[in-house]
Structure formats: C-alpha cells, structure tokens
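Counting starts at 1 for both ligands and their atoms, in listed order. All values reported here derive from a predicted model rather than from experimental measurement.
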Amino acid sequence: MVVQSLVKALSRMAKPKVVFVLGGPGAGKGTQCANIVKEFGFVHLSAGDLLREERNKQGTEYGELIETHIRNGTIVPVEITCALIERAMSQSGKEKFLIDGFPRNKNNLEGWQKNMESKVELLFVLFLSCSEDVCVQRCLKRGAEGSGRSDDNLESLQKRIQTYTNDTMPIIECYKEQNLVKTLDAGRSIDEVFSDIKDLFKGV
Ligand code: UDP
Ligand code: MG
C-alpha cells in the first residue's frame with residue numbers, strides 16, 4: 001500500500017502542471033498570461049499564437065485550413081492544435097504551463113482528454129469573464145492600433161463571439177461541474193485583474 005501510494009505521488013510529481021486560461025476574445029488572456037509568466041514562472045502557450053505560427057511557416061500543409069478557421073472564428077480540428085501544444089510543451093523543457101484559449105469546443109476537449117489529460121496535472125481553469133460589449137471594444141481597438149490580426153475586424157469578431165458563446169461556454173460549464181474553475185471579473189483594469197490573479201497563483 002505504502003509503495004503504491006508512493007508510486008502514485010511520484011507520478012503526480014513528475015507530471016507537468018497546466019492551467020487553462022479561458023474567456024471571450026479580448027478578455028485579456030494574453031495580457032494576463034504575460035503577467036503570470038513574469039511573476040510565477042509559467043510558460044505561456046497560446047493556442048491561437050501556435051496556430052498563427054504554424055500558418056506562417058513555409059510549406060506547411062495546414063496553413064490555408066488554419067487561416068480559414070481563424071477568419072471565420074471557427075475552431076481548427078484538435079489533432080492539429082493538440083499536437084502543436086504537446087510539441088511546445090516538450091520543447092520548452094519546463095513543467096508549469098498556461099494554456100491560453102484552449103480547449104474551445106467539444107472536439108478540443110475530447111482530443112485533449114484522449115491524448116493529453118493523463119500526461120499532465122490540470123491545476124485549475126482560469127476564467128476571465130467579460131461582457132460582450134467590452135470584449136468587442138477591446139478587440140476593435142487592438143485592430144485599429146495595428147494588431148495585424150486577420151480576425152480583429154467586426155465581421156470576424158461577431159463570429160468569434162458566437163463560437164465562444166455556443167461552443168466554449170459549455171466547456172467552461174463542464175469544468176465548473178468538476179469544481180475546477182476560478183472566475184474573475186475581467187472587465188476591470190489590467191492591474192485590478194492581475195491583483196486577483198496573484199491571489200489565485202500564490203502557492204501554486
Ligand atoms: N483557434 C482554434 N483553436 C484553438 C485556439 C484558437 O481554432 O484552440 C483559432 C480560432 O479560429 C480563433 C482564433 O484561432 O478564433 C484566434 O484565437 P486566439 O486565442 O488568438 O483569440 P483570442 O481569444 O485570444 O482573441
Ligand atoms: Mg489571445
């Protein structure tokens with residue numbers, strides 16, 4: 001018995017730790033992840049950034065498919081996204097990860113459960129909750145200031161919000177049922193939100 005629980009404890013220790021960061025477009029996931037990296041030494045993996053990076057590679061077979069999904073605000077098949085996340089995790093050589101903007105729909109969740117869930121320790125899901133109005137204003141501002149993102153325009157944004165409401169919210173609900181979600185009001189200033197985030201990450 002003692003040996004068994006020791007083995008269990010050791011295998012848990014060896015697993016990389018993961019925090020999922022979810023919230024609508026413009027909720028501040030990227031901004032706050034950068035803050036968390038600085039203060040708590042996590043590695044930040046944005047699923048969207050990994051996909052954009054893959055899209056930009058010369059001769060990648062998925063470039064067009066990824067760009068179509070991004071513009072339409074729909075979700076890239078999990079096989080692609082999950083493989084990018086797993087590769088980035090192992091290449092980093094680190095053990096604490098913020099996975100930002102994933103899992104976003106049922107397909108994402110099922111792919112993650114199938115391939116990754118047993119390999120990591122999910123600490124919690126940080127849910128940055130923000131009204132649709134504020135999200136839209138922030139993304140349009142970001143677009144106007146030259147984010148260079150092909151989806152920071154009103155048309156793509158409306159589709160992103162629709163996907164978020166219909167497909168991502170149920171995933172957050174699913175994690176809520178497992179008591180894994182920590183929700184913060186992300187409609188406030190960056191500093192106010194980060195001050196609450198610090199309380200959540202203390203001792204992690
Ligand atoms: N995306 C995806 N799967 C993911 C994450 C992102 O297909 O797991 C695509 C999707 O089309 C999304 C776009 O990438 O609308 C931009 O995602 P990002 O996370 O960069 O947007 P944010 O939510 O941060 O504004
Ligand atoms: Mg982002």
> Taking heavy atoms and a distance under 4.0 Å, where does N72 meet ligand 1: side chain, backbone, both or neither?
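Neither; no heavy atom under 4.0 Å.
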
> Please verify whether a non-hydrogen atom of K159 lies at under 4.0 Å from ligand 1.
no

> For R87, enumerate each residue passing the side chain to side chain contact (heavy atoms under 4.5 Å, CB included) test, keeping only those at least two apart in sequence or located in another chain.
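Listed in chain order: E54, K57, L84, Q91.
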
> Quick one: does ligand 1 sit under 4.0 Å from the side chain of T74, the backbone, both or neither, non-hydrogen atoms only?
backbone

> Could you tell me if any non-hydrogen atom of R142 lies under 4.0 Å from any atom of ligand 1?
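Yes, R142 has a heavy atom closer than 4.0 Å to ligand 1.
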
> With a heavy-atom distance limit of 4.0 Å, tell me whether T81 approaches ligand 1 through its side chain, its backbone, both, or neither.
side chain

> Donor-acceptor check, side chain of S156 to backbone of N153, threshold 3.5 angstrom: yes or no?
no

> Taking the side chain as C-beta and beyond, is there a heavy-atom pair between R149 and R52 under 4.5 Å?
yes

> Just to check, does R52 reach to within less than 4.0 Å of ligand 1 when the distance is taken from its heavy atoms?
yes

> Would you indicate which of H69, R104, R160 comes nearest to atom 12 (C) of ligand 1 when only heavy atoms are counted?
R104

> Among L128, T163, L51, I80, whose heavy atom sits nearest atom 9 (C) of ligand 1?
L51

> Hey, does P16 have a side-chain heavy atom less than 4.5 Å from the side chain of E121?
no

> Of I161, I70, D151, which has the heavy atom at the shortest distance from atom 16 (C) of ligand 1?
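The option holding the nearest heavy atom is D151.
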
> Which pairs of donor and acceptor atoms, one on a side chain in residues 167-186, lie under 3.5 Å apart (sequence neighbours left out)?
residue : atom : partner : partner atom : Å
T168    : OG1  : R104    : O            : 2.8
Q178    : NE2  : C174    : O            : 3.4
D185    : OD1  : G187    : N            : 2.9

